[in-house]
Protein chains: 2
Amino acid sequence: MKKISIKDIARMTGTSPTTVSFVLNGKGRTSDALTKKILATAKKEGYQPNQIAVSLRTGQSKVIGLIVENMGGSFFGAVSKELENEAKKYGYRIVYCSSENNVRKGREMMEMLAHQQVDGYIITPTAGLEKDVMKLMTSKKPVVLMDSYYPGLDIPYVLVDNFNGIKQGIDHLIEAGYENIGFVTVDLDLIQMKERLSGYTETLKFHKIKPDKKLVLTLKYDSTKEEMVNEISSFVRKNKNMDAIFFATNYLGIAGLQSLSNMKYKVPEDIAMISFDDHEIFSLFAPGITTIQQPTEEIARAAMNLLLTQLGKKESNLITNKIQIPANLVRRNSVKKAKRVMPNA
Amino acid sequence: MKKISIKDIARMTGTSPTTVSFVLNGKGRTSDALTKKILATAKKEGYQPNQIAVSLRTGQSKVIGLIVENMGGSFFGAVSKELENEAKKYGYRIVYCSSENNVRKGREMMEMLAHQQVDGYIITPTAGLEKDVMKLMTSKKPVVLMDSYYPGLDIPYVLVDNFNGIKQGIDHLIEAGYENIGFVTVDLDLIQMKERLSGYTETLKFHKIKPDKKLVLTLKYDSTKEEMVNEISSFVRKNKNMDAIFFATNYLGIAGLQSLSNMKYKVPEDIAMISFDDHEIFSLFAPGITTIQQPTEEIARAAMNLLLTQLGKKESNLITNKIQIPANLVRRNSVKKAKRVMPNA
DNA sequence: AAATGTAGGTAAAACGTTTTATCTGAAAAA
DNA sequence: TTTTTCAGATAAAACGTTTTACCTACATTT
């Protein structure tokens with residue numbers, strides 16, 4: 001049983017394909033009688049336009065390509081549903097790919113998407129893909145970067161305000177009386193990691209605390225979990241004066257949690273902690289870890305809006321196409337209430 | 001700068017589109033000289049076939065639709081990469097959708113995929129979608145169910161061997177000397193949940209233990225986490241004799257973990273536990289929770305093979321298209337070593 | 001009565017491929 | 001020499017739409 005086409009409808013209603021197409025798309029002029037008749041039979045026969053034929057003719061695939069670092073990751077999980085919903089409102093579908101934080105794979109995915117004639121791209125940038133993305137820009141393909149960006153390149157992006165997110169956390173720690181705050185980060189060459197680090201050092205300076213290099217630990221991205229846990233342990237042991245520790249990503253925070261738990265450190269009694277980027281695990285067990293949460297739905301919505309604007313589907317009320325969205329401080333119990341040591345005590 | 005088409009290549013090489021197509025697809029007869037020339041210019045110009053035009057002409061979209069319960073879920077995360085890899089080997093792409101365990105949404109997604117002319121479907125079944133899936137079957141569309149199936153309907157599927165997975169866990173507990181084993185499950189109307197429950201009762205019977213209804217707790221699927229945690233707590237408190245507890249899914253296990261931790265129960269000293277379906281959290285903290293792990297990559301690979309076979313892309317060496325894959329018992333430390341109370345002690 | 005306008009409708013081209021059927025010219029067979 | 005064969009190449013149709021340009025018949029204006 002073949003699928004029913006516009007020609008079939010035309011034959012059944014004794015009209016031409018043109019008229020059917022006009023009626024179905026609300027173009028041209030057609031008498032009320034014919035309009036009704038065509039609409040009725042189309043409905044009765046369950047006519048669905050062949051999207052492929054439409055795409056070929058119109059040059060629009062109505063597909064958006066999303067390239068993300070890792071489809072298993074929590075960022076993707078949080079972001080995908082919102083993207084899908086927004087896209088659907090405007091008749092777009094999404095094709096997902098993962099770059100595995102790997103230049104070759106990322107490039108391959110971009111080619112694949114181009115090949116499949118997607119109308120626009122949402123990409124979480126990997127270092128090394130700058131040129132490929134710029135090629136899209138110069139060929140006028142709509143692109144939005146998400147979760148990171150390429151500094152110096154004029155490409156629309158939307159991400160969390162990393163600097164001020166970290167600042168909120170550090171402020172919170174300092175307010176609570178902590179003074180020797182450690183920072184654990186990772187050696188990924190991504191702008192957001194740099195901004196997080198500078199959020200840390202600048203906020204300390206703002207509070208007249210001199211950043212101490214020994215209190216910063218930079219782990220290798222491709223370390224195993226065990227290696228990370230061990231490195232964090234010896235970092236903590238080496239810095240006896242450290243009374244709080246800030247993790248720059250959630251997987252670092254999780255490794256840290258495990259490390260502290262191995263060493264039988266109590267949080268927050270022995271050491272306070274905050275992690276950037278919330279995760280189910282942080283809310284799960286006593287005492288509950290305070291985090292800087294990314295507003296993922298908002299990020300997704302903003303990214304899709306930016307893209308739809310470029311696609312001409314949506315009026316923009318935005319002046320800029322470079323968006324930073326504030327992060328949320330989620331207070332749990334890994335930071336102790338101020339028990340400030342009074343100077344005259 | 002328009003994309004280059006087969007006509008362009010024809011013009012450049014002084015041949016016809018037919019010849020170019022033949023050369024590029026290895027069909028027809030073409031002299032070596034022309035072949036080389038065409039291949040060379042195609043490469044030089046970076047020719048990529050317009051997949052949409054190909055699809056329209058051949059009737060093959062080279063796209064596989066995947067409908068999963070929830071794109072944020074861990075099952076999806078684990079399975080997606082493997083599916084993608086396998087699909088790519090045969091030139092297929094994947095479009096992902098989530099049904100949100102919701103009949104209306106699931107149906108909508110299936111329509112959307114049909115509309116987009118996908119060549120085949122991989123679906124994690126939701127109750128209520130039986131008819132829609134059967135409609136696909138009768139219209140000869142390739143379909144594979146994953147992670148569950150519809151009992152009584154002749155639709156290919158691949159999932160973990162739930163019954164024997166549970167059996168392994170119960171055996172393990174009994175071997176270690178536990179006798180009053182509780183079971184926490186959820187009221188989802190899915191065959192795999194029934195099989196897990198019967199795995200529990202049958203294995204107990206096999207060991208001459210009479211299943212006790214009071215030791216089975218069935219939670220509502222749409223409960224909040226808090227409600228689950230509370231229900232589990234009172235369940236544990238009500239059954240003082242219970243020395244081990246088996247959770248039928250990972251989110252139940254996580255709730256249980258939190259519940260036990262709230263009540264200051266020590267695992268495995270106060271109570272032993274096992275959860276079906278592994279999760280990062282279970283490996284993370286002392287003591288480490290023993291789980292029944294689903295071999296997700298294998299499941300994904302098997303499902304894709306089944307589908308590719310139906311698509312005629314792959315020779316099958318399989319007799320059946322209904323596959324159950326053994327689960328793995330991952331021993332951690334939530335089950336204490338046998339300290340069997342000797343009858344004569 | 002002739003010219004003009006207009007509502008309602010359609011033929012045909014186009015999108016970029018694949019594939020069938022056919023055409024050409026030269027070599028081989030008669 | 002004429003016929004057959006066959007390798008090598010291509011014209012044209014088809015996939016299912018959208019859209020341009022045009023046609024018809026009737027009403028209105030001059």
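Scope of the values below: all heavy atoms of this structure, side chains included, with no hydrogens, waters or symmetry mates. Proteins come first, then strands; the chains are lettered A, B, ... in the order of their sequence lines, and each starts at number 1.
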task = For A:Ser21, enumerate each residue passing the side chain to side chain donor-acceptor pair (under 3.5 Å) test, keeping only those at least two apart in sequence or located in another chain.
result = A:Asn25

Using a cut-off of under 3.5 Å, enumerate the N/O to N/O pairs linking the protein to nucleotides 21-27 of chain D.
none

key: Side-chain donor-acceptor contact under 3.5 Å, A:Ser98 with A:Asn70   = no

key: Euclidean distance, B:Asp147 CG relative to B:Phe76 CZ, rounded to 0.5 Å   = 13.0 Å

query = If you measure only the distance, is there a donor-acceptor pair under 3.5 Å linking the side chains of A:Thr58 and A:Gln60?
reply = no

message = Could you tell me if B:Lys27 sits above the aromatic ring of B:Phe22, with its cationic atom closer than 6.0 Å to the ring centre and no more than 45 degrees from the axis?
response = no

task = Identify whether any heavy atom of B:Thr30 sits under 4.0 Å from a base atom; if not, whether one sits that close to sugar-phosphate; answer base, sugar-phosphate or nothing.
result = sugar-phosphate

query = Among side-chain atoms of B:Asn101 and B:Tyr221, is any donor-acceptor pair under 3.5 angstrom?
reply = yes

inquiry  = Using the ring centroid of each side chain, check whether B:Tyr157 and B:Tyr150 are separated by less than 6.0 Å.
reply    = no

request  = Evaluate the criterion side chain to side chain contact (heavy atoms under 4.5 Å, CB included) for residue pair B:Val144 and B:Leu306; output intermediate values, then yes/no.
outcome  = CA-CA 7 Å; B:Val144 173; B:Leu306 237 42; 3.7 Å; yes

ask   = So where does chain A start and stop touching DNA chain C, 5' to 3', when the test is distance under 4.0 Å to a non-hydrogen atom?
value = C:dA7 to C:dG16

key: Under 3.5 Å donor-acceptor, A:Glu130 side chain and A:Gly128 backbone   = yes

request  = Any chance you could measure A:Gln116, atom CD, to B:Asn50, atom CG, to the nearest 0.5 Å?
outcome  = 10.5 Å

key: Distance, rounded to the nearest Å, where B:Arg29 contributes CZ and D:dT10 contributes P   = 14 Å

ask   = In residues 31-47 of chain B, which ones come under 4.0 Å of DNA chain D, going by heavy atoms?
value = B:Ser31, B:Leu34

ask   = So which of residues 55-63 of chain B are in contact with DNA chain D, with a heavy-atom cut-off of under 4.0 Å?
value = B:Leu56, B:Arg57

query = Roughly how many Å is it from CG in A:Leu24 to C1' in D:dT19, rounded to a whole number?
reply = 15 Å

Backbone N/O of B:Ser61 and side chain of B:Asp119: donor-acceptor pair under 3.5 Å = yes

task = Quickly, which of B:Thr30, B:Val23, B:Ile9, B:Leu34 forms a side-chain contact (heavy atoms from CB on, under 4.5 Å) with B:Thr15? Name it, please.
result = B:Leu34

key: A:Ser99 versus A:Glu69, side-chain donor and acceptor atoms under 3.5 Å   = no

task = For A:Ser5, answer base if it contacts any base atom (sugar-phosphate contacts may also be present), sugar-phosphate if it contacts only those atoms, and nothing otherwise; contact means non-hydrogen atoms under 4.0 Å.
result = sugar-phosphate

query = Among A:Thr124, A:Leu190, A:Ile191, whose side-chain contact (heavy atoms from CB on, under 4.5 Å) with A:Tyr149 holds?
reply = A:Ile191

Rounded distance [0.5 Å steps], CE in A:Met109 versus CD in A:Glu100 = 8.0 Å

Terminal axes of the helix from C:dA1-D:dT30 to C:dA30-D:dT1 (five pairs each): angle between them, nearest 10 degrees = 70°

